[in-house]
**Student:** 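I'd like to ask some things about the structure below.
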Amino acid sequence: MSSKGKYYMTTAIAYTSGKPHIGNTYEIVLADAVARFKKAQGYEVRFQTGTDEHGQKIQEKAEAAGITPKEYVDGVSTEVKKIWDLMNTTYDKFIRTTDEDHEKCVQKIFKKLYDQGDIYKGAYEGLYCTPCESFWTESQLVDGKCPDCGREVKPAKEEAYFFKMSKYADRLIEYINTHDEFIQPVSRKNEMMNNFLLPGLQDLCVSRTSFSWGIPVDFDPNHVTYVWLDALTNYITGIGYDPDGSSDMFKENWPADLHLIGKDIVRFHTIYWPIFLMALDLPLPKQVFGHPWLLQGGEKMSKSKGNVIYADDMAELFGVDATRYFVLHEMPFDNDGIITWELVIERFNSDLANILGNLVNRTVSMSNKYFDGVVKSTGVTADVDADLKAVVTGAKERIEKKMEELRVADAISEVFTLFRRCNKYIDETEPWVLAKDESQKERLAEVLYNLAESITIGACLLHPFLPETAEKIVAQLNTKLRDFDDLNQFGLYPDGTKVTETPEILFARLDAKEIIPKVDEIRAKQKAEYEEEQRKLGLMPEEETPGIDIEPKEEITFEEFSRMQFQVGEILSCEAVAKSKKLLCSQVKIGSQVKQIVSGIRKDYTPEEMVGKKVMVLVNLKPAKLAGVLSEGMLLCAEDENGVLSLMTPEKPMPSGAEIC
């Protein structure tokens, strides 16, 4: 296969604040699937990932742990790389922002931008969010808190260097308006334009003096380079960019074809990063794709709750490819995905065990049973063969179209459409019936040949997503993975091939009763580790926190209470109320009806993380308008002493509409 040219792609670099959970791991698996697919198509792919290791938050965590920041990030970076490798990802470079060559290049970039007048020295006074490492003005806050994470901000003032963002704003707006493919999905583009660029950009703080864990500004050593100028430039330093003369690798690969990132950092990659590149007189990346999040049961993952799902735990229980399948298949294109242990078990059994594993096992077993394992084409066809072949040979083009749009979940669904069609073909042709009639022996052989050929093509198309499984399938069929260009041709399976005598069970069905106790052990271990961390930091575990006393209200009678109707509801969709900073408007399914409910929980929940939640609803509350929006019920929440809200959710799985009594 001739080369289609260079293809340079990156993930965001993982922040070294702790072990990455399955939501973080999703990105590297998604990127790997894209990289493998591009390689199969014939591109010379360069795939870069790594870790972001500087900043105040890292310094504080290291101090709390009693070690140096470098020792701290060494440990976390090793853990990140270990998980990336466990998930069988094929990155070409794992960059660390503590790498010496990266640090030296960042210093050169800073000096270049300063010398040409894009960076100037000043002082910053504002409201600072330590977790986000961001300064905010009063007007940017939401309910007095950080607009990104909702946490408390504190007044801060310090000398700093600033980048003149406004100098390049009009040029960036014009670029985005003339390059539709630059920001994807389109919803992210609209958000960046309307919320940030069009209202006007403020100059960006690019150095700090209040902490020391960062890359020193070499001509002013009291300052360290601030996070985004350090982190974002990894995409060019990692391939050999140098203001004094870049490498051939950089010249061959830049601009990047794809930056694959989480939706929460689209702003930095589509505003800050392009402006930095414009200032360096470098072309912009061809596409920035902000993927959605993977949420645990519709809520944020928390070690204190014991509900964090890690890739290594999933791989131990289900295998690496099953883990890859779930995160790739369950993540929508532009909406958040939901993960629960129960849902993983369900998908494992229905898709991997029943549809794929059973298909391969039946085909190999029947070939052994009826023909001593020899698969032979006899040319005895029937009308039913044509539709099977059409589905199989058309899959390549359908999958290419999906992958071109980065609709990876849809692409993998197309592969399984092929496997489903094979299963249907078995039901249509009934090989066990043909085997009873000697005159149908050649027809039976053709049926089994068609299955072996179809499964081989399916395995080759599956390879970018589930590489180990694809290799196991072709090994059982005693063949090899084919060139991608040949996957729209039917009949290339070598006539007379002998399949393996003892087919391996690719995915044995799981019993939830055996898996869930192991999950409970994982959860208990997480909570124990969290409590130990809290003790080491001198903090009290959550369950030992003193209770909250509130002023008792007037007693009511049982009859008064019984007039209130409480039921379980399921959030179908949710959006922010435009005229309010506090309100969310949810469409809630309660049995067979859907109610619109407005709730003042925006500071604690995003619309995306609400979707899919099972919640407790006061159903018969008289409808009322809040900020001009009709509300037909009330979601029940608990509130702690700091005003943090937590939705009341059923402890066990409950159907929508279940009565709360």
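Because only heavy atoms are used, hydrogens play no part in the values below, and waters and symmetry mates are left out as well, while side chains stay in.
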**Student:** Does Arg151 use its side chain to pair, donor to acceptor, with the backbone of Cys146 at less than 3.5 Å?
**Tutor:**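 Not at all, since once roles are kept as given, no pair shorter than 3.5 Å links the two residues.
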
**Student:** Please confirm whether the backbone N or O of Ile28 pairs with a side-chain atom of Asp32, one donor and one acceptor, at under 3.5 Å?
**Tutor:**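 A pair under 3.5 Å: no.
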
**Student:** Got a second to check how far Ile271's CD1 is from Phe196's CZ, nearest 0.5 Å?
**Tutor:**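 The CZ atom of Phe196 is 6.0 Å from CD1 of Ile271, to the nearest 0.5 Å.
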
**Student:** Tell me whether the rings of His259 and Trp254 are parallel (<30°), tilted (30 to 60°) or perpendicular (>60°).
**Tutor:**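 Geometry flag for Trp254 against His259: tilted rings.
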
**Student:** Using 30° and 60° as the class limits, which term best fits the ring planes of Trp273 and Phe276: parallel, tilted or perpendicular?
**Tutor:**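 Ring orientation, 0 to 90° scale: perpendicular.
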
**Student:** Mind checking whether His223 and Phe110 have ring centres under 6.0 Å apart?
**Tutor:**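 Ring centres of Phe110 and His223 not closer than 6.0 Å.
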
**Student:** Thinking salt bridges, do Lys189 and Asp180 make one under a 4.0 Å N-O criterion?
**Tutor:**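 Looking at Lys189 and Asp180, the cut-off is met.
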
**Student:** Do Tyr91 and Lys81 meet the criterion of a side-chain donor-acceptor pair at a distance under 3.5 Å?
**Tutor:**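 The criterion, which ignores hydrogens and geometry beyond distance, is satisfied for Lys81 and Tyr91.
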
**Student:** How close do Met9 and Ala31 get, counting heavy atoms only, and between which atoms?
**Tutor:**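 So the minimum-distance heavy-atom pair works out to CE-O, 3.3 Å.
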
**Student:** Do we see a donor-acceptor contact under 3.5 Å between the side chains of Gln56 and Tyr128?
**Tutor:**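 Yes, because at least one side-chain N or O of Gln56 sits under 3.5 Å from a partner of the opposite role on Tyr128.
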
**Student:** Should Tyr8 and Pro255 count as side-chain neighbours, where that means a heavy-atom distance under 4.5 Å?
**Tutor:**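 Sidechains of Pro255 and Tyr8: no contact.
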
**Student:** Under 3.5 Å, is there a donor-acceptor pair linking the side chains of Thr51 and Thr16?
**Tutor:**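 Checked: Thr51/Thr16 side chains show no N/O donor-acceptor pair below 3.5 Å.
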
**Student:** Dump the intermediate steps for salt bridge (charged side-chain N to carboxylate O under 4.0 Å, His left out) on Glu531 and Lys527, then the final yes or no.
**Tutor:** CA-CA 6 Å; Glu531 291 171 9; Lys527 293 193 75 171; 5.5 Å; no

**Student:** Do Thr209 and Glu159 have a side chain donor and acceptor closer than 3.5 Å?
**Tutor:**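 The answer is no; no qualifying pair exists.
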
**Student:** What's the verdict on salt bridge (charged side-chain N to carboxylate O under 4.0 Å, His left out) for Asp312 and Lys82, showing C-alpha distance, side-chain angles and the deciding distance?
**Tutor:** CA-CA 9 Å; Asp312 50 357; Lys82 178 182 175 184; 5.9 Å; no

**Student:** Do Lys70 and Val73 have side chains that get closer than 4.5 Å, going by heavy atoms?
**Tutor:**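 When only atoms from C-beta onward are counted, Val73 and Lys70 do touch, with a gap below 4.5 Å.
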
**Student:** Take the angle between the ring planes of His269 and Tyr235 and call it parallel below 30°, perpendicular above 60°, tilted in between.
**Tutor:**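 Ring orientation, 0 to 90° scale: tilted.
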
**Student:** Which of these, Leu232, Val227, Asn234, sits in a side-chain contact (heavy atoms from CB on, under 4.5 Å) with Asp52?
**Tutor:**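 It is Val227, the one option of Leu232, Val227, Asn234 that forms the side-chain contact (heavy atoms from CB on, under 4.5 Å) with Asp52.
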
**Student:** Would you say CG of Asp244 has more than 12 non-hydrogen atoms from neighbouring residues, nucleotides or ligands within 6.0 angstrom?
**Tutor:**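 Counting other residues, nucleotides and ligands, CG of Asp244 exceeds 12 neighbours.
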
**Student:** So do the side chains of Leu635 and Met610 get within less than 4.5 Å of each other, counting heavy atoms only?
**Tutor:**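 The answer is yes, as the side chains (C-beta and beyond) meet within the 4.5 Å cut-off.
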
**Student:** Main chain of Lys164, side chain of Asp118: is a donor-acceptor contact present, judged purely on distance under 3.5 Å?
**Tutor:**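 Side chain of Asp118 to backbone of Lys164: no pair is present.
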
**Student:** Just wondering, are more than 12 heavy atoms of other shown residues or ligands nearer than 6.0 Å to NZ in Lys582?
**Tutor:**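 12 or below, so no.
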
